[in-house]
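What follows is a short report on a single structure.
Treat the numbers as computed from the prediction; the structure is a model and nothing was measured. Numbers for residues simply follow the sequence, beginning at 1.
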Amino acid sequence: MTDPVVPAIVNLDVPGPVISRHLYGHFAEHLGRCIYGGFYVGEDSDLPHAGGIRLDVVAALRALDIPNLRWPGGCFADEYHWMDGIGPKERRPSMVNTHWGNVEENNHFGTHEFMALCELLGAEPYISGNVGSGTVREMSDWVEYLTRDGDSPMVRLRRANGREQPWRVRFWGLGNEAWGCGGHMRAEQYAAEARRYGTYCRDHGGNTLYRVAAGANGADYAWTETLMKQLGDLGCAYRPAPFMQALSFHHYTIPGTWQDKGAATVFGTDDHYRTMVQAARVDELITGHSNVMDCYDPGGNVGLVLDEWGTWWNVEPGTNPGFLYQQNTLRDALVASLHFDVFHRHARRLVMANIAQTVNVLQAMILTDPGSGALVLTPTYHVFEMNKGHQDAVSLRVDLPAGTPERAVGDARLATVSMSASRKDGRALFSLSNLDADEPAEVELDLRGGALAEVSARILTAGRLQDHNTPDAPETVAPRPYEVRATRAGLRVRLPAHSFVTVTGRLAAGSGT
Ligand code: AHR
C-alpha cells in the first residue's frame, strides 16, 4: 500500500503576520522542583551555578533562544508577597506554599534572583503580580522597585539591596486565574480590579509596561467579552485603554478526567488520539477568543496571551502529588508541535504563549534527577529547538487543497497531518507533524513564488509513542538528520508514523523579500 499523499501549497512570496518570538515563552512557578532543585540549587550546591542558579539548565535553555519567562506563578503568584523575597536571605521570612504541596517556602529565590536568571537566559521577564491576596500598593511598589530610576523610596530600597540600575520589565500580569485560585472572582468583579491594579502599575521613565489581564478558563468567552468591554469603546471607535494591553487564557491538554488525567508514559493508541483532539482544541479556543476580541477591537490592538498551556498527566508514581512532576514522551512532543502550528496561524492576535512549565513540572523542557542531579532534555525540548527559526519570522500560509488524512476519535475528527511555515533572514522553515500512531504519510510541498536551495531536514521520532528520555538513555527521543526529496514543484517529505520533521532551505534569489 502506498502512503497517503497530502498536497500542500505554500506561496513563498506572500507574507503573513509576523510570528512573535514570545509565542515560544516559558513559565516557572514556585511549584515542586521547578525553582528549588530545578533552576535554583542554592549557593552551597556542588553543581556549577551562578549565585545558586544552575548553569547547565541555563545553557540548555539558551540553546532554545527562550524569549521570556513568566514567574512566580500561576496560583502561587496570588499568594506571593514580593517584599518577603528581597534583602539578605537569612532575614527573609518563610511562608507556606498552600497551593503546591503545603511545603515551606524560604523565599531564597526572589526578585533579584529571578532577574539574574532572566539576564543569564537572555530572556525578558514576565512577572505575575498578586491581585488575589495582595494590594494595589504592593504591586505598584514592586513595579517602582524594579523599573524606576532616579530617587524614590523603592529605588533606595533596591539600591540598598545591591542593584543600582533599574531593570527593564515589560510584561506584567495582573493576577492569575482570577476565576479560580486567583480569588474566585466573577468576571465583572475581576475586570474592575484589573482596571484599578493596571492604573497604579506605572510606566516609570522609559519602561513601558505591557499589562496582561488574567483571562478566561478555556472556552469562557463571556469572561473575555467582559474584559474587552472594560478596555474601550465598541468596534471601530476603539482606543486602547492605558491600563491593560492584553488579556490571557489558559488551556491544558488533559484527555482524562481531572481526578484521573492518565499516565504520562503508560497509554494506548486511543489515549493518544484523545490527547491529540484535546491539544487541537487550542485552535477552536484561540479562534473563539479572537472572534470576541475582534468585535470590540477590530484593529487588533489588544493582545491575546496563552500564558499556560501543555499536557497535564497524573504525577509519576511515588512523587509528591502537589509537585506535578511528570515524564515526557514523544506524544508530548507532538502536542507541542501541533500547538505551534496553531499559534503560527493565529499570529495576528496571539502575541505570547508560555508552556507550563520549564523544569520538572508538567510538560517540562528539562527534567533533573533529585538524587544524582542528572539533567535530561525531554522530547518537548527538541520541538522548541527544531522550531526556533519561526521566532520573529514572517508566517507563510499553508493551503491543503485536499485536506489531510483524518481519524474519527469519539464524536470528533482528528486531522493527522499538521503543518506550518515561515520565512526569515533569507531562509524558509517548514514544520510537519504526523500525529497518526501507525500510518505514515507523505506531503507534496508545492512551493510557489520562489525556490529553495541547500535544503536540509531533521526528524524527531522513536519506535513507540511512549518512548522518552532518562539519565541512562538521554537520547532515545532526539532529532536526527533526515532526507527529503526535491521535486519539480518543490519537495516531497515522507512522514513516518508519529513523527515531527522540520525542513529548512535558503530562499533562492527572487523569492520575495
Ligand atoms: O501550572 C500549574 C497551575 O495550573 C498554575 O499554577 C495555575 O495557574 C493553573 O491552574
Side-chain angles (χ1 to χ4, degrees), residues 1-19 276 280 283 333-334 336-347 382-383 385-391 393-406 414-436 439-461 479-513:
M1 213 174 81
T2 54
D3 302 342
V5 176
V6 183
I9 302 167
V10 178
N11 288 288
L12 295 168
D13 58 348
V14 180
V18 170
I19 298 166
M276 293 301 132
D283 196 3
L334 294 175
S337 65
L338 181 57
H339 272 75
F340 284 127
D341 290 339
V342 174
F343 294 172
H344 299 162
R345 283 200 289 278
H346 286 279
H382 294 301
V383 173
E385 190 277 320
M386 290 166 77
N387 255 8
K388 70 181 182 183
H390 290 301
Q391 293 188 25
V394 167
S395 58
L396 297 171
R397 208 174 77 191
V398 179
D399 285 310
L400 302 165
T404 94
E406 284 188 352
L414 174 71
T416 52
V417 171
S418 173
M419 284 185 63
S420 60
S422 71
R423 54 179 297 161
K424 183 172 80 172
D425 299 336
R427 299 191 68 80
L429 176 61
F430 304 87
S431 297
L432 306 96
S433 301
N434 183 4
L435 311 178
D436 203 290
E439 300 297 330
E442 246 180 278
V443 173
E444 179 73 57
L445 259 179
D446 180 351
L447 301 178
R448 301 182 182 176
L452 286 188
E454 297 157 23
V455 172
S456 64
R458 288 195 295 162
I459 187 166
L460 186 75
T461 190
R480 323 246 182 252
Y482 194 57
E483 292 291 320
V484 297
R485 193 152 53 87
T487 61
R488 205 167 49 82
L491 295 168
R492 178 68 84 106
V493 185
R494 183 167 191 280
L495 300 174
H498 53 257
S499 65
F500 173 60
V501 171
T502 52
V503 184
T504 181
R506 187 172 55 76
L507 288 160
S511 305
T513 49

*Any side-chain heavy-atom pair from S418 and L338 closer than 4.5 angstrom?*
yes
*asked:* My understanding is that only residues two or more places apart in sequence, or in another chain, count here; which of them pass side-chain hydrogen bond (donor to acceptor under 3.5 Å, both in side chains) with R448?
replied: D446
*asked:* Any non-hydrogen side-chain atom of V398 less than 4.5 Å from a side-chain atom of R345?
replied: no
_If you define the side chain from C-beta out and look only at heavy atoms, does anything of N434 sit under 4.5 Å from P496?_
no
*Does any donor atom in the side chain of S395 or H344 lie under 3.5 Å from an acceptor atom in the other side chain?*
no
*A415 backbone acceptor or donor facing T404 side chain under 3.5 Å*: no
*Donor-acceptor pair, T461 side chain versus H498 backbone, under 3.5 Å?*
yes
*After noting the C-alpha distance and the side-chain angles of H390 and F340, does the key distance pass the side chain to side chain contact (heavy atoms under 4.5 Å, CB included) rule?*
CA-CA 9 Å; H390 290 301; F340 284 127; over 6 Å; no
_S431 and its side-chain hydrogen bond (donor to acceptor under 3.5 Å, both in side chains) partner, picked from T502, N387, D341_ = N387
*May I ask you to check whether over 12 heavy atoms, not counting those of R492, lie within 6.0 Å of atom CZ?*
yes
*Check: H382 and R458 side chains under 4.5 Å, non-hydrogen atoms*: no
_Can you confirm whether L452 sits close enough to F430 that some side-chain heavy atom of one is under 4.5 Å from a side-chain heavy atom of the other?_
yes
_Counting C-beta onward and ignoring hydrogens, is there a side-chain heavy-atom pair between M419 and L445 closer than 4.5 Å?_
yes
*asked:* Tell me the closest heavy-atom pair linking A8 and V443, and the distance in Å.
replied: CB-CG1, 4.0 Å
*Would you say the side chain of M276 lies within less than 4.5 Å of the side chain of L334, judging by non-hydrogen atoms?*
yes
*L460 backbone acceptor or donor facing Y482 side chain under 3.5 Å*: no
_How close do A428 and L12 get, counting heavy atoms only, and between which atoms?_
CB-CD2, 4.3 Å
*asked:* Is any side-chain heavy atom of V503 closer than 4.5 Å to one of V455?
replied: yes
*If every non-hydrogen atom of P401 is compared with every non-hydrogen atom of I9, which pair is closest and at what distance?*
CG-CD1, 3.9 Å
*Looking at A333 and V383, what are the two nearest heavy atoms and their distance?*
O-CG2, 3.5 Å
